[in-house]
*Asks:* 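The structure that follows is given in the form of structure tokens.
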Protein chains: 2
Amino acid sequence: MPKIGLKLREMRRRRDLSVRELAARSGISHSTISLIERDKMSPSIDTLSAVLDALGTTLPGFFSDLQSSLPYTPFYGAEDLVEIGKAETISYRVIGLNHPNRQLLMLHETYAVGADTGEAFAHAAQEAGMVISGAVEVTVGGQKKILKKGDGYYFDSRLPHCFRNVGEERSEILSAITPPTY
Amino acid sequence: MPKIGLKLREMRRRRDLSVRELAARSGISHSTISLIERDKMSPSIDTLSAVLDALGTTLPGFFSDLQSSLPYTPFYGAEDLVEIGKAETISYRVIGLNHPNRQLLMLHETYAVGADTGEAFAHAAQEAGMVISGAVEVTVGGQKKILKKGDGYYFDSRLPHCFRNVGEERSEILSAITPPTY
DNA sequence: TCACCTTGGTGAATATACTGAACAGAGGGC
DNA sequence: GCCCTCTGTTCAGTATATTCACCAAGGTGA
């Protein structure tokens, strides 16, 4: 009964992938993908999972739905981002603070030299991010690593975690947290 | 790959239904339900949907809290990010692709000169991001704006939207989408 | 023009999801 | 003791999901 074909096709086209490319990445035959996209058959959970994996999404993500909102301005200039941290040592600037029904906390974080978030707060959430300048030591659970420009992280916020700028200049991170608990 | 059997069995038992009762209500044979619950086979979307319907649930509801608790590492080096687009024109590199129960799609997007995401599709999600290099024209709903380094956006993905690199070099965006349905 | 690549789709063969009947075990009457 | 009904599982047969080889259309270059 569910008509997932169109949605899959849109996701594939959005990534500018051909049926055959997606087939190669997912390990599913191209004819199967063609049939699924035209709702000619109902794929098994395993095969759908494999295809979604190649598209960078998940079964929960694929099936989730939201209701949403009203007119607003989607753009936020660099000077419009709202500071929610201490600008001197650690700056947290929010993108889309007043977005209605906001379910995502997107932050531009700037750490002064030697700045440290201190010990961690435990939320039921997930967060990810990427270092865009400088060098940041990230501690998650027992694990610790120094991330530099282009390196990323993704972890469950219930694990104790903290960030420390170990570079010789300011460090910047772009991060996202969902749900937006703060 | 996904192990949905145990969860289904628990849901059925919580409702105090026998395999045969659930089979009668869902229109699926009892042997099929038995096999699914013991992870002996991967049901098609149609049959799973029918079973969930008899349990008073839906596909989105069933998958919304499907979690796997595998050991993982929270760090992702720049070279570990997985490409899910076409690297030449538009590159989408995922941070944390293998994260269990991932509810967030964090992307490092790189647009070649003149690259365009093409026609805009609506999907039920929210997304935010920030330009970290170059100049990108973002169109959301009727609205259009050129964003440069440090500028951000936040909008509901149900609005038609597209991105176009209008700079003279490659442009980069760091973005996040939840749920990971992009 | 031709050769050659890509695109997505189709039909026959195969693997697998799905069915209906038959099975073993646990109570419950009586 | 026997009979009946429930529980979940197993097995052979059937429907369908999945594959592989092939097809037709569109684009590119020589």
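The chains referred to below are lettered A, B, ... by the order of the sequence lines, with proteins before strands, and numbering in each begins at 1.
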*Asks:* May I ask you to evaluate whether A:S44 reaches the phosphate of C:dT16, defined as a side-chain N or O under 4.0 Å from OP1 or OP2?
*Replies:* no

*Asks:* Parallel, tilted or perpendicular, judged at 30° and 60°: which one describes the rings of B:F155 and B:F163?
*Replies:* tilted

*Asks:* Please give, in whole Å, the distance from C:dC18 C1' to B:M41 CE?
*Replies:* 6 Å

*Asks:* Got a salt bridge between A:E21 and A:R15, using NZ or NE/NH1/NH2 to carboxylate O under 4.0 Å?
*Replies:* no

*Asks:* Does A:R164 offer a backbone N or O that forms a donor-acceptor pair with the side chain of A:D116 under 3.5 Å?
*Replies:* no

*Asks:* Anything under 3.5 Å between a protein N or O and an N or O of nucleotides 10-12 of chain C, put it in a table, one pair a line.
*Replies:*
residue	atom	partner	partner atom	Å
C:dT10	OP2	A:R38	NH1	2.8

*Asks:* Rounded off to whole Å, could you give me the CD1-to-C1' distance for the B:I28 and C:dT19 pair?
*Replies:* 10 Å

*Asks:* Near A:E79 CD, under 6.0 Å, is it more than 12 heavy atoms from other residues, nucleotides or ligands?
*Replies:* yes

*Asks:* Can you measure from CZ (B:R9) to CG (B:D39) and round to the nearest 0.5 angstrom?
*Replies:* 10.0 Å

*Asks:* Looking at B:S18, does any N or O in its side chain come under 4.0 Å of the phosphate oxygens OP1/OP2 on D:dT7?
*Replies:* yes

*Asks:* Rounded to whole angstroms, how far apart are CG on B:D46 and P on D:dT18?
*Replies:* 11 Å

*Asks:* Roughly how many Å is it from CZ in B:R13 to P in D:dT7, rounded to a whole number?
*Replies:* 12 Å

*Asks:* Check whether any side-chain nitrogen or oxygen of A:R20 sits under 4.0 Å from OP1 or OP2 of D:dC20, and answer yes or no.
*Replies:* no

*Asks:* Determine: side-chain N/O of A:S29 to OP1/OP2 of D:dT19, distance under 4.0 Å, yes or no.
*Replies:* yes

*Asks:* Is the side chain of B:N165 donor-acceptor paired with the backbone N or O of B:E169 at a distance under 3.5 Å, no angle test?
*Replies:* yes

*Asks:* Heavy atoms from C-beta onward define the side chain here; which of C:dC18, C:dT7, D:dA17 lies closest to that of B:T47?
*Replies:* C:dC18

*Asks:* Could you tell me how far apart B:E37 (CD) and D:dT9 (C1') are, to the nearest whole angstrom?
*Replies:* 12 Å

*Asks:* Rounded to whole Å, how long is the line connecting atom CZ of A:R9 with atom C1' of C:dG9?
*Replies:* 10 Å

*Asks:* B:I33 has an atom CD1; how far is it from atom P of C:dT19, in whole Å?
*Replies:* 9 Å

*Asks:* Measure the distance from CG on B:D39 to C1' on C:dA17 and round it to the nearest whole Å.
*Replies:* 15 Å

*Asks:* Would you say CZ of B:R170 has more than 12 non-hydrogen atoms from neighbouring residues, nucleotides or ligands within 6.0 angstrom?
*Replies:* no

